[in-house]
2 protein chains.
Amino acid sequence: MDDNGGNDTRGGGARGTVATTARHMQIGEVATRTELSLRTIRHYEETGLVTPSARSQGGFRLYTEGDVARLMVIRRMKPLGFTLDQMRDLLDATDRLDGGAALDADEREALLGRVRTYQEAAAEQVEKLRIQLARAEDFADTLRARLPRDAPATRTA
Amino acid sequence: MDDNGGNDTRGGGARGTVATTARHMQIGEVATRTELSLRTIRHYEETGLVTPSARSQGGFRLYTEGDVARLMVIRRMKPLGFTLDQMRDLLDATDRLDGGAALDADEREALLGRVRTYQEAAAEQVEKLRIQLARAEDFADTLRARLPRDAPATRTA
DNA sequence: CAACTCTACCCTAACGTTAGAGTAGGGATC
DNA sequence: GATCCCTACTCTAACGTTAGGGTAGAGTTG
């Protein structure tokens with residue numbers, strides 16, 4: 001047993017949990033703050049979604065507030081059902097739009113196009129989620145209807 | 001290229017698509033009717049969720065209306081995020097409750113307990129879906145806000 | 001030293017995706 | 001009217017993918 005100990009989101013250790021305002025955080029603190037697992041955060045790095053801004057001499061990942069913000073964005077994107085590749089693509093686009101790197105008209109237009117595409121996909125996904133929710137509610141009700149009026153567990157009748 | 005040809009839900013061929021009221025359907029018709037892929041339907045059989053009521057001499061799966069109904073139930077369950085194993089478990093329970101097989105009190109109580117458990121899980125899932133939907137809407141709006149007011153594609157400003 | 005982190009690797013669920021072979025049944029042929 | 005053929009449909013088997021979970025064994029940090 002090591003690492004996350006098998007749980008989901010870190011329990012809040014002793015050391016790294018303090019420096020909420022520090023310049024660098026280790027992965028554990030990031031995990032608690034983002035409610036993502038260590039494995040997930042590392043996986044996001046493997047797939048090029050979020051790369052820690054630095055590494056310690058010994059190789060520990062060191063994250064900044066900006067990194068955490070990016071992770072939070074990803075967390076909000078997840079329910080939209082995009083793949084990690086798509087998220088990376090979208091994040092790259094917005095990053096380049098925001099980063100004041102003076103892009104020429106064509107490039108800017110291309111980037112905006114990408115964002116627009118994702119926006120439309122997002123809107124569609126929202127619709128699907130609505131339908132899913134409706135179906136889920138429906139099914140939950142159906143299930144409840146099958147039960148003899150919330151009777152307690154023991155005692156037959 | 002054979003089978004489904006790489007698409008998702010079948011396009012509606014020539015032969016099997018006619019006999020909507022026949023006693024047996026082959027997998028293709030079932031797929032169109034349930035909007036599930038051939039692979040998915042076969043997979044459900046592999047995992048013991050829905051077994052076709054019969055097979056043709058040549059080995060084709062033959063489904064009845066009842067089978068289709070069961071598949072539709074599963075389709076409604078999917079958004080609740082249950083695993084296939086859980087669905088099988090739940091379906092077995094309701095099947096045995098419904099099948100007029102005169103079960104004794106203990107057994108009946110046990111089955112109802114299972115259903116109750118799933119009902120609670122379903123209710124929880126509905127809550128999660130609500131939250132997801134909210135987040136998704138939020139994010140979609142955020143994305144839309146980043147776009148220069150739905151401008152057409154070309155022309156920079 | 002204790003708590004934390006590292007890489008590397010194997011595992012899972014729920015299908016997707018070929019590949020290669022067989023089947024259902026109607027039409028053309030003899 | 002039996003045979004062949006053709007095409008649409010289906011079969012099994014098996015590997016691929018996605019988004020991580022879990023574990024091992026070793027190293028790092030405070």
Side-chain angles (χ1 to χ4, degrees), chain A residues 1-19 22 24-32 34-50 52 54-63 71 74-75 77-88, chain B residues 1-19 22 24-32 36-50 52 54-63 74-75 77-79 81-88:
Chain A
M1 252 151 273
D2 183 12
D3 237 13
N4 210 340
N7 272 325
D8 40 354
T9 47
R10 294 303 325 290
R15 208 171 52 258
T17 320
V18 187
H24 296 293
M25 295 160 265
Q26 303 188 324
I27 197 171
E29 188 183 346
V30 174
T32 39
T34 59
E35 292 176 70
L36 296 169
S37 76
L38 303 186
R39 186 65 180 85
T40 297
I41 296 175
R42 293 192 188 114
H43 183 60
Y44 286 174
E45 180 181 356
E46 284 168 18
T47 54
L49 256 177
V50 180
R55 290 272 189 155
S56 77
Q57 295 228 328
F60 283 19
R61 292 172 177 78
L62 298 175
Y63 297 86
L71 282 168
I74 294 166
R75 200 161 81 92
M77 288 180 72
K78 276 210 297 187
L80 288 170
F82 290 140
T83 69
L84 298 188
D85 278 354
Q86 292 173 318
M87 296 194 210
R88 184 172 34 59
Chain B
M1 254 153 272
D2 185 8
D3 234 13
N4 209 343
N7 272 324
D8 40 355
T9 46
R10 294 300 329 288
R15 208 171 47 258
T17 320
V18 188
H24 295 292
M25 299 160 260
Q26 356 193 138
I27 197 170
E29 188 183 349
V30 174
T32 39
L36 296 170
S37 76
L38 302 186
R39 185 62 179 90
T40 296
I41 296 175
R42 293 192 188 114
H43 183 61
Y44 286 174
E45 180 182 355
E46 284 169 19
T47 55
L49 255 177
V50 181
R55 290 272 189 155
S56 78
Q57 295 228 328
F60 284 19
R61 292 170 178 78
L62 297 175
Y63 297 87
I74 293 167
R75 199 161 82 91
M77 289 181 72
K78 275 211 295 189
F82 290 141
T83 69
L84 298 189
D85 278 353
Q86 292 174 318
M87 296 194 212
R88 185 170 35 58

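So that the names make sense, note that chain A is the first sequence line, chain B the second, and so on, each numbered from 1. Being a predicted model, the structure only gives us computed values, none of them experimental.
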(message) In this structure, how many angstroms lie between the C1' atom of D/dG30 and the CD atom of A/Q26, rounded?
(response) 10 Å
(message) Distance check needed: D/dG21 P versus A/L36 CG, whole Å only.
(response) 9 Å
Using a cut-off of under 3.5 Å, enumerate the N/O to N/O pairs linking the protein to nucleotides 9-15 of chain C.
{"unit_1": "C/dA14", "atom_1": "OP1", "unit_2": "B/L84", "atom_2": "N", "d": "3.1"}
{"unit_1": "C/dC15", "atom_1": "OP2", "unit_2": "B/Y44", "atom_2": "OH", "d": "3.2"}

(message) Once side-chain hydrogen bond (donor to acceptor under 3.5 Å, both in side chains) is applied, do any residues pair with B/T40, and if so which ones, sequence neighbours excluded?
(response) B/S37
(request) Please say which of B/V50, B/I27, B/L36 ends up in a side-chain contact (heavy atoms from CB on, under 4.5 Å) with B/R42. (result) B/I27
(request) Quick one: list whatever passes salt bridge (charged side-chain N to carboxylate O under 4.0 Å, His left out) with B/E46, sequence neighbours left out. (result) B/R39
(request) Starting at atom NE2 of A/H24, determine the distance to atom C1' of C/dC4, rounded to an integer number of angstrom. (result) 18 Å
(request) Please name all residues satisfying side-chain hydrogen bond (donor to acceptor under 3.5 Å, both in side chains) with A/R75, sequence neighbours left out, ordered by chain then number. (result) none
Every protein N/O within reach of nucleotides 3-5 of chain D N/O, cut-off under 3.5 Å:
none

(request) Quickly work out the A/R61 CZ to D/dT29 P distance and round it to whole Å. (result) 14 Å
(request) For A/R55 and D/dT29, give me the distance from atom CZ to atom C1', rounded to whole Å. (result) 15 Å
(request) Using atom CD of A/Q57 as one end and atom C1' of D/dT28 as the other, report the distance to the nearest whole Å. (result) 11 Å
Review item, side-chain donor-acceptor pairs of residues 78-88 of chain A, under 3.5 Å, at least two apart:
{"unit_1": "A/T83", "atom_1": "OG1", "unit_2": "A/D85", "atom_2": "N", "d": "3.4"}
{"unit_1": "A/T83", "atom_1": "OG1", "unit_2": "A/Q86", "atom_2": "N", "d": "3.1"}
{"unit_1": "A/D85", "atom_1": "OD1", "unit_2": "A/R88", "atom_2": "NH2", "d": "2.9"}
{"unit_1": "A/Q86", "atom_1": "OE1", "unit_2": "A/T83", "atom_2": "N", "d": "2.9"}
{"unit_1": "A/R88", "atom_1": "NE", "unit_2": "A/T47", "atom_2": "O", "d": "3.2"}

(request) Could you state the atom-to-atom distance from CG of A/L38 to C1' of C/dC4 in whole Å? (result) 9 Å
(request) Figure out the CZ/P separation between A/R88 and D/dA19, and round it to whole Å. (result) 11 Å
